[in-house]
Amino acid sequence: MRDETVISARLLEWYDRHARDLPWRVGPAERAAGRIPDPYRVWLSEIMLQQTTVAAVAGYFHRFTARWPTVEALAAARDEDVMAEWAGLGYYARARNLLGCARAVAARGGFPTTRETLLTLPGIGPYTAAAISAIAHDSPETVVDGNVERVVARLFAVRTPLPAAKPELVRLAASLTPQRRAGDHAQAMMDLGATICTPRSPACGICPVVDLCRARALGIAAELPARAAKTPKPRREGIVWVGTTPDAALPAAILPAAVLLERRPARGLLGGTLAFPSTGWDGSDQGPPGDADWRELGKVRHVFTHFQLDLTVMAGVLMGQPRRGQLIAQSEFDPAALPSLMRKVWNRAKDQG
DNA sequence: AACCCGTGGGT
DNA sequence: TACCCAAGGGT
């Protein structure tokens with residue numbers, strides 16, 4: 001028997017006993033009994049899991065499915081409600097594409113089943129299209145995420161650095177994909193990568209395919225996959241303004257009646273999210289959003305994918321009409337609807353203001 | 001093809 | 001502290 005066939009059989013056997021129990025997953029026993037996963041839940045989980053950990057996704061998945069149980073319900077949601085529910089999860093283009101995809105799917109009467117057609121929908125790329133097709137329909141597609149790249153690089157001792165190695169890793173991963181149970185195979189590869197074949201100090205001692213791992217034989221498992229050198233992260237600085245209005249019934253120092261916020265441009269950094277007016281760090285160059293006796297509260301540090309940000313927080317009670325943004329009543333303001341950076345800014349202002 | 005796009009936990 | 005990197009996609 002080919003090594004590839006043995007690896008696939010061993011992985012499925014291992015998965016039958018050790019599959020992670022995840023909220024969006026139909027486990028191997030239920031799957032074998034004929035239970036078909038809901039494509040909506042598979043799709044939603046896959047979008048949320050893009051570059052995002054299982055632990056971070058779980059709560060969001062529960063809230064989304066409770067509020068919008070079907071793709072039709074999600075398609076009918078308001079943009080700002082979806083953005084608010086997504087707030088804190090990051091990569092906000094996913095939320096915009098999520099809605100676009102839901103509306104396209106609702107309009108066409110349901111999710112497509114083939115990888116090729118799934119690929120035409122917004123937010124669905126090569127990984128997600130293959131994953132939905134394999135997991136929800138058991139199509140023999142090859143699913144390659146970061147876990148699979150690592151597992152395959154080690155099994156076949158691929159020393160070429162990523163991302164140049166990607167095409168080779170995809171070919172090798174395809175050589176492992178079985179014709180039956182492709183969905184369970186894909187999830188087994190990812191579970192192995194997440195729990196045993198981990199980036200650092202992999203647990204080779206309990207790996208079901210350790211005897212077939214070439215990197216292990218060479219003693220270089222923990223060193224793979226190799227990656228191209230990363231460029232150092234630059235630092236940016238900017239200013240953010242937390243403007244409030246005085247409450248008519250209470251002393252202004254106790255409780256502000258309204259907070260000045262703005263909707264960021266739909267594309268780009270934190271695109272489409274709710275934010276405090278700011279400048280200087282995202283390509284913008286603007287003054288204070290209104291007149292106030294602005295005072296400095298200190299800095300907030302936040303690390304994005306490609307730069308580190310130090311934002312100086314200014315706070316003040318607005319005098320007259322603000323020049324931009326929208327005043328949100330304190331009673332209707334939910335800090336949880338802000339992206340994490342702006343949540344940090346709010347917490348700083350709340351602590352010191 | 002290279003760059004842009006969040007966040008949080010682990011080491 | 002600093003760095004790694006997660007069920008990637010869009011442009």
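Residue numbers begin at 1 in each chain, while the letters A, B, ... track the order of the sequences.
In this structure, A:His302 has its ring center under 6.0 Å from that of A:Phe304. Taking the six-membered ring wherever Trp is involved, the centroid distance between the rings of A:Phe276 and A:Trp241 does not fall below 6.0 Å.
Residues from residues 272-280 of chain A lying near DNA chain B, meaning a heavy-atom separation below 4.0 Å, are absent. Scanning residues 162-176 of chain A for heavy-atom distances under 4.0 Å to DNA chain C yields an empty list.
The existence of a salt bridge linking A:Asp145 and A:Arg150 is excluded, since no basic side-chain nitrogen approaches an acidic carboxylate oxygen closer than 4.0 Å. Taking a cutoff of 4.0 Å between a charged side-chain nitrogen and a carboxylate oxygen, A:Asp79 and A:Arg96 do not qualify as a salt bridge. Taking 4.0 Å as the cut-off between side-chain N and carboxylate O, A:Asp138 and A:Arg180 do not count as a salt-bridged pair. Taking a cutoff of 4.0 Å between a charged side-chain nitrogen and a carboxylate oxygen, A:Arg236 and A:Asp282 do not qualify as a salt bridge. Salt bridge A:Arg41/A:Asp38: absent, no basic N to carboxylate O contact under 4.0 Å.
In this structure, A:His306 reaches the B:dC5 phosphate: one of its side-chain N or O atoms is under 4.0 Å from OP1 or OP2. Residue A:Lys233 places no side-chain N or O under 4.0 Å from the OP1 or OP2 atom of C:dC3. In terms of phosphate contacts, A:Arg343 brings no side-chain nitrogen or oxygen within less than 4.0 Å of OP1 or OP2 of B:dT7.
Counting non-hydrogen atoms under 4.0 angstrom, A:Val148 reaches nothing in the nucleic acid.
The interatomic distance linking A:Arg227 (CZ) with C:dC3 (P) rounds to 17 Å, in whole Å. Whole-Å rounding puts the A:Tyr92 OH to B:dC4 C1' distance at 16 Å. Straight-line distance from the NZ atom of A:Lys230 to the C1' atom of C:dA2: 11 Å, rounded to whole Å. If you measure from atom CD1 of A:Ile47 to atom C1' of B:dC5, you get 15 Å, rounded to the nearest angstrom. Taking atom CE of residue A:Met342 and atom P of nucleotide B:dG6, one finds them 11 Å apart after rounding to whole Å. The nearest whole Å value for the distance from the CZ atom in A:Arg301 to the C1' atom in B:dT7 is 16 Å. As a whole-Å value, the separation of A:Leu311 CG from B:dT7 P is 12 Å. Rounding to whole angstrom units, CG of residue A:Leu224 and C1' of C:dC4 are separated by 16 Å.
Remark: A:Arg94 fails to qualify as a cation-pi partner of A:Tyr91 under the 6.0 Å distance and 45° angle criteria applied to the six-membered ring.
Taking the C1' atom of each, C:dG9 and B:dA1 are spaced 15 Å apart, rounded to whole Å. Rounded to the nearest Å, the gap between the C1' atom of C:dA6 and that of B:dG6 is 12 Å. Separation of the P atoms belonging to C:dA7 and B:dT11 is 14 Å when rounded to the nearest angstrom.
Comparing B:dG6, B:dT7, C:dC4 by their nearest atom to the side chain of A:Leu269 picks out B:dG6.
Taking a pair as Watson-Crick or G-U with both hydrogen-bonding distances under 3.5 Å, the stems of three or more pairs touching DNA chain C are B:2-5 with C:8-11, B:7-11 with C:2-6.
Each of A:Ser201 and A:Ala56 was matched to the nucleotide of DNA chain B holding its nearest heavy atom; the match closer to the 5' end belongs to A:Ala56.
Counting only residues at least two apart or in different chains, salt bridge (Lys or Arg N to Asp or Glu O under 4.0 Å) contacts with residues 205-220 of chain A comprise A:Arg10-A:Asp211. Legend: salt bridge (Lys or Arg N to Asp or Glu O under 4.0 Å) pairs involving residues 115-129 of chain A, not counting sequence neighbours, sorted by first then second residue: A:Arg115-A:Glu141.
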- [ ] Give the C-alpha distance, both sets of side-chain angles, the deciding distance and a yes or no for side-chain contact (heavy atoms from CB on, under 4.5 Å) between A:Met190 and A:Val148.
- [x] CA-CA 6 Å; A:Met190 294 190 281; A:Val148 176; 4.2 Å; yes
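Not a single donor-acceptor pair under 3.5 Å links the side chain of A:Arg264 to the backbone N or O of A:Thr273. The backbone N or O of A:Thr195 lies less than 3.5 Å from no partner atom in the side chain of A:Thr198, so there is not a single donor-acceptor pair. For A:Arg108 (side chain) and A:Gly110 (main-chain N/O), a donor-acceptor pair under 3.5 Å exists by modelled atom type.
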What's touching nucleotides 7-11 of chain C from the protein side, N or O pairs under 3.5 Å?
from: C:dA7; atom 1: OP1; to: A:Asn147; atom 2: ND2; distance (Å): 3.3
from: C:dA7; atom 1: OP2; to: A:Asn147; atom 2: OD1; distance (Å): 2.6
from: C:dA7; atom 1: OP2; to: A:Asn147; atom 2: ND2; distance (Å): 2.8
from: C:dA7; atom 1: O5'; to: A:Asn147; atom 2: ND2; distance (Å): 2.7
from: C:dA7; atom 1: O4'; to: A:Asp145; atom 2: OD2; distance (Å): 2.6
from: C:dA7; atom 1: N9; to: A:Tyr127; atom 2: OH; distance (Å): 3.2
from: C:dA7; atom 1: N7; to: A:Glu46; atom 2: OE1; distance (Å): 3.4
from: C:dA7; atom 1: N7; to: A:Glu46; atom 2: OE2; distance (Å): 3.0
from: C:dA7; atom 1: N6; to: A:Trp24; atom 2: NE1; distance (Å): 3.2
from: C:dA7; atom 1: N1; to: A:Arg20; atom 2: NH2; distance (Å): 2.9
from: C:dG8; atom 1: OP1; to: A:Gly146; atom 2: N; distance (Å): 3.1
from: C:dG8; atom 1: OP2; to: A:Gln51; atom 2: N; distance (Å): 2.9
from: C:dG8; atom 1: OP2; to: A:Gln51; atom 2: NE2; distance (Å): 3.2
from: C:dG8; atom 1: O5'; to: A:Gln51; atom 2: N; distance (Å): 3.4
from: C:dG9; atom 1: OP1; to: A:Gly125; atom 2: N; distance (Å): 2.9
from: C:dG9; atom 1: OP1; to: A:Gly125; atom 2: O; distance (Å): 3.4
from: C:dG9; atom 1: OP1; to: A:Thr128; atom 2: N; distance (Å): 2.9
from: C:dG9; atom 1: OP1; to: A:Thr128; atom 2: OG1; distance (Å): 2.6
from: C:dG9; atom 1: OP2; to: A:Pro126; atom 2: N; distance (Å): 3.4
from: C:dG9; atom 1: OP2; to: A:Tyr127; atom 2: N; distance (Å): 3.2
from: C:dG10; atom 1: OP1; to: A:Gly123; atom 2: N; distance (Å): 2.6

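Side-chain contact check for A:Leu260 versus A:Leu318: some heavy-atom pair is nearer than 4.5 Å.
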